[in-house]
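Contents: one structure, followed by commentary.
Bear in mind that the values here come from a model prediction, so they are computed numbers and not experimental data. Chain identifiers are assigned alphabetically (A, B, ...) following the order of the sequence lines, protein sequences preceding nucleic acid strands; residue numbering begins at 1 within each chain.
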Amino acid sequence: MYRILIADDEPLIRVDLREMLEDIGHTVVGETGDGKEAYSLIDQLKPDIVMLDIKMPGMNGIELAKKIAHRYPVIIVTAFCEKHLIQQARDAGVMAYITKPFLDRVLSPAIELAVSHFLEKSSLTEKVNHLKEQLETRKIIDRAKSLLIEQEKLTEAQAYRKMQTISMNKNKPLKDVAEAIILMLG
Amino acid sequence: MGVYFEAGVGKAVGSNSRQLGHHAAAEALSQLIHYKPSLALVFASPELDLAHVSSGIVETLGDCPVIGTSTAGEIANSPITHGVVVTLLASPHLRVRVGIGEGVSKDFRRAVHEALADAGVSRYFSAGHPFHHMMHVSTSRKPRVSPVLLIMFSPGATKTHVSFSHDIHTMLRKASANRIPIFGGSSGDYFRFESNYQIIGNRLASDALVLAFIESEILFGLGMAHGFSPTTKRALITNASGHIVHELDRRPAAEVCAGLLGIPMEKLGHDAVWFSQFPFGATDLYGNSILQVPEQVLEDGSIQFAPLMRNDQVITLMRGTRRDIAGAGLSTYNKAILQGDLKRPALALMFSCALRMRLLGSLQDKEVSSVFRKARIPVSGFYTFGEQGISDDGLPIYANQSVTTLVFSDELNPMAALIHKSKNIYLEFKSQLDRKVSQIKAINRINQVIEEQTEPGPLLTVLARELITLLPWAYSAFYLPAWEPMSYALAASSEQGIFPEHLKTEDITKDRDSFRLDSHGKHFGVLILRQKSGALPPDDEDLVLAETIGKLTAGSLYRIDLDHGLDMKIQQFEVLNQLGRELSESMSADTQLQKVIGHIRSILGLSMVSLWLVDPAYPLLVKEAVNTDPGIKVGEEETENDEIITKWQRKYCRALSVTDAEGDQCPVQLFIPFPFQFTTLPVLFKGQLRGVLNLYAKTYHDQPVQPGCVAGDIEFLKAIATQIAVFIGNRSIQKDTTFFKEIHHRVKNNLQNIASLLRMQIRRLDRVTAEQALTDSISRIMSIAVVHETLSRGEIGMVNLGQLLNSISELSLAGQLEKPSVTLDISGPTIMIPSREATALALSINELIQNAVQHGFKDRTQGRLWVSVARADGLVSVTVRDDGPGLPADFDLNRTISLGLTIVRTLVKDELKGEFTIWNSGGTTAKVAFPVSAGDYHNIK
């Protein structure tokens, strides 16, 4: 199952949480009561999931979540249930929010949802980035093409073919070729 | 003393000619008060050295025009002889020009032209002069007053020369179309008929004509008389040439003359003196008799007359008593007064015929003195050899054996008076206008000053300086209300050292020279004017002006006052704003109030400010903050009085300002000396007294108490108190809210802790009985509850460790299933610890006590248990010791499966950041030691 890191400044709760997680088959790879320490542990241990209390010495859970939520699914476990904190957590990219006191059976769905949401979000982000890249490439190629049409008096098809020929001959991606043309003619 | 005209008559009799001239002139001069002499007329004895006389006179009089003549006798209020008479005419309203023409006997016409030219008045005597046109154009009466007058002296007859005086007079009369009055006399001598003289300046002439042409704004009148009456005896001149009458009634003149006189020819006298008893008269156009005196009977029986004689003229034998003749003097004076319509006669010039002098004998004096006695004015003149004056009908005439009088009056002729009146009105108007203009300018300047000045002091100083020109009749001073009631202090004055520095209200007279400076119903001071000695008293306009200035000043002071009020309000607003900002910026910092109090003190320039707040735990006022001017020494009196004032405030709960804390007016009984003025204010929040704000300003005995220095504006100070109240209110709400949130959070956390403990217990259920597990759990829950119990509301999160241990121990022992008799001993100092640590500690100690009882007292019915606390080197330690069998031999704390010890170990290590040790000590000793920072705990005595 998942490798989990716990950060909570209540030691008894931490002990309990660890035992609960282990009961349902997860591994607690690290635990701490200090926000700063948690931050350094996360980079060392690279857990699958991070569970954070909000009120902690060193760094509070929401601050910490802001730093890591794009790389790790973060679940907040806290006694605070103020609206503004929940909003802050959402804005920080937190995947689940559990309020204390909680029952052990809330943990599993929260973890599953958090992980799947995180994966979904990650893949969407990746897709968006890919599309962005494609769009960018397309723009560059169009620009290079229009430069060729304008300056070398070629038709659109001729210009595109020329770029393709260069790409094949030089064994370079079309985007690099386009960039070189813009650098030269632009 | 003349107003427009002055005269001086000096006479001197003696032999030293130069000194006589000097003395007579000096005497005449001494009678002039206001004016310099305009003309000097000199009548001098021919027996004297007249050259010396005239130079003596000119030396004395300087550049005054002088004309004179030798006489047959002089007149200076009475007839004299062998003397010098100097008559001075003095007036700015006379314009005199003198001239001389010589060689009369050779060519009198030429002499006349010469004299007129010398005087520069020829144009008056030429055919082109307006007088001539007037004669033709206008038939109306001649003006009764003439602005011009001619005084002249011409040579009288001598043994060798006839006199051309009549010819000269006729020539001048005709040349001036009878318009210019001619007053004159012919020079003579003391009946020697040898020589006569004329004087002009210091020049002596003989056979000359001297004249003074006077343009006069001074009223004068002329009169002429002789005192004779005509008889019925008359004769017609049938043959005459020049002065000589050859035939009367176609017979030899002398023969007819003797016949008329009724005497034989041989008794007929031969000279003028004899004939003067029997003068003839010729009637003029108006029927007046003009005396024609024979001068001598010639060999051929013809008679030489003094005047020119004409054919076909009737001459009448005249007769008169000596009394009648002497009375002619006064008669001429009366005529002159009448002719000139004179009101204030000032000088009479009387020229009387030398023949009359002889004729009158002892009555000679009467002719002159009757005038002097009646008129009480100087009478001067001389005895002449031929007289010129004005007839009763206003015509210039030449006569013999007559007296002619010219009277100057101390008044202006109507035309001149009119001109002068107009001129005076103009000058008066102009000076008033000038004054008004300068007043308007000054008021303009004042307006500008009033616009520009923003402080009363400089404003009043500038105004007082302007008042020197604006109110020249007075010294002026501005007084402003002084600190002492009913008194004023000098603010500015137009003159140093005139006004006192202080005035009481009762010193300010209600008279018209003090003006209250009131505006918009407010009283700002007074303007006091003190009339300068010698200045004209102020008229209504002056007072209106002063009043206006007073009003302007008051208005300006009102504006300045308003500006200052506004400035103060703005400043107060800024202060409030700043205080509000400071108070709202950092609500939690308790030091904030101390800072704010210091700020209030320095902004308001006070000596001391103290703030007392109600402690919510106890209904007591506690001094929260005090700030004192470093320059002020605060002793016990001040501190105690501050407390007394605070107590007073708590009792009465209202704002109070006291300007004199030592005075009778102070409602608070204070220790004295207490040289302060103070304001005490209740700090009210939602109508409840939350504190007291006291403000103090030191007073000095050498300075007047400034009312409201502390009070300033009591509403403003109240606003400050309200700000503080709001701050305190907000702070306590803030505290409540924070506390509530904290508790809520902790409850939830603790519930989670409880849940966790229970879950941990569930996982270990296989090792203990369900009963034991539940009992332990209850005990754990209760330990957490104990911490809640001991939390005091006032000190958020601080727990008394001793109390906590007592409660926990009791609880732990009570929760045992098997209850051995345990003797508990708790010892150590009182220590406060934060509640968070208290929870962990409570749970840990509970476990340790449980452990001791469950293991240490196992199978025993009784035992002892020691719980002690200690503090050293920043560590707080709690030791739990029992007198049981001690730890089992294989005991390893790190490997124990006991949930209790796991809990202790976890909590001490992770929560308390401390150390947990357990060892054998006869019994078992467990020790929890953890650091508590210095700020987190403190002792309570």
Side-chain angles (χ1 to χ4, degrees), chain A residues 5-26 28 30-38 41 51-58 60-62 75-86 89 97-108 110, chain B residues 737-738 740-765 776-777 780-781 783-784 787 797 834-837 839-844 846-847 897-914 916 928 930 933:
Chain A
L5 184 128
I6 305 169
D8 192 320
D9 69 335
E10 291 278 348
L12 287 179
I13 296 173
R14 227 158 56 212
V15 170
D16 179 37
L17 192 55
R18 168 197 277 268
E19 287 177 0
M20 277 191 282
L21 291 169
E22 285 172 353
D23 281 354
I24 55 173
H26 302 293
V28 176
E31 61 177 88
T32 175
D34 185 279
K36 255 188 195 152
E37 199 184 321
L41 279 176
M51 298 182 86
L52 300 173
D53 190 2
I54 288 181
K55 197 183 140 206
M56 280 188 295
N60 81 43
I62 290 180
I75 298 172
I76 293 285
V77 183
T78 180
F80 291 113
C81 58
E82 278 85 352
K83 218 172 178 179
H84 73 276
L85 284 175
I86 296 169
Y97 195 103
I98 297 170
T99 56
K100 293 174 186 173
F102 59 89
L103 287 171
D104 47 1
R105 62 169 185 260
V106 305
L107 282 178
S108 251
Chain B
T737 314
T738 315
F740 180 74
K741 277 186 183 168
E742 173 74 19
I743 292 291
H744 183 60
H745 178 249
R746 194 167 303 170
V747 166
K748 292 208 288 180
N749 239 340
N750 284 340
L751 289 173
Q752 180 63 51
N753 267 321
I754 291 162
S756 295
L757 285 168
L758 288 172
R759 264 194 296 267
M760 283 154 76
Q761 185 69 72
I762 290 168
R763 291 182 202 110
R764 290 160 181 82
L765 267 181
D776 287 354
S777 292
R780 284 168 193 139
I781 292 167
S783 329
I784 293 171
V787 177
S835 69
R836 182 188 169 83
E837 274 141 48
T839 308
L841 194 65
L843 279 168
S844 303
N846 174 54
E847 294 300 336
I897 51 157
S898 156
L899 175 60
L901 289 182
T902 305
I903 289 169
V904 176
R905 201 181 57 207
T906 307
L907 288 173
V908 172
K909 180 172 154 260
D910 290 348
E911 183 81 42
L912 298 176
K913 314 284 179 207
F916 171 47
V928 173
F930 58 97
S933 68

Quick one: are Lys100(A) and Asn753(B) in side-chain contact, heavy atoms under 4.5 Å? no
Does a side-chain heavy-atom distance below 4.5 Å link Arg763(B) with Glu22(A)? no
Main-chain N/O of Ile13(A) paired to Gln752(B) side chain as donor or acceptor, under 3.5 Å: no
Partners meeting ring pair (Phe, Tyr, Trp, His ring centres under 6.0 Å) with Phe80(A) (sequence neighbours left out): His745(B)
For Leu843(B), is it the side chain, the backbone, both or neither that has a heavy atom under 4.5 Å from a heavy atom of chain A? side chain
Using non-hydrogen atoms only, which part of Leu17(A) is less than 4.5 Å away from chain B: side chain, backbone, both, or neither? neither
Is there a side-chain contact (heavy atoms from CB on, under 4.5 Å) between Lys748(B) and Cys81(A) once you walk through the steps? CA-CA 10 Å; Lys748(B) 292 208 288 180; Cys81(A) 58; 3.1 Å; yes
Counting only heavy atoms closer than 4.5 Å, note whether Asp23(A) contacts chain B via side chain, backbone, both or neither. side chain
Give me the atom names and distance for the closest heavy-atom approach of Glu10(A) to Asn749(B). OE2-ND2, 3.6 Å
Spacing of NE2 belonging to His744(B) relative to CD belonging to Glu82(A), to within rounding of 0.5 Å: 6.5 Å
Under 4.5 Å from a heavy atom of chain B, the part of Asp34(A) involved: neither
Mind ranking Thr78(A), Asp9(A), Leu12(A) by heavy-atom pairs under 4.5 Å with chain B and telling me who comes out on top? Leu12(A)
Which residues in residues 904-914 of chain B have any heavy atom lying under 4.5 Å from a heavy atom of chain A? Thr906(B), Leu907(B), Asp910(B), Glu911(B)
What are the two closest non-hydrogen atoms of Arg759(B) and Asp104(A), and how far apart are they? NH1-N, 3.8 Å
Given a strict heavy-atom distance threshold of 4.5 Å, which part of Leu757(B) is in contact with chain A: side chain, backbone, both, or neither? side chain
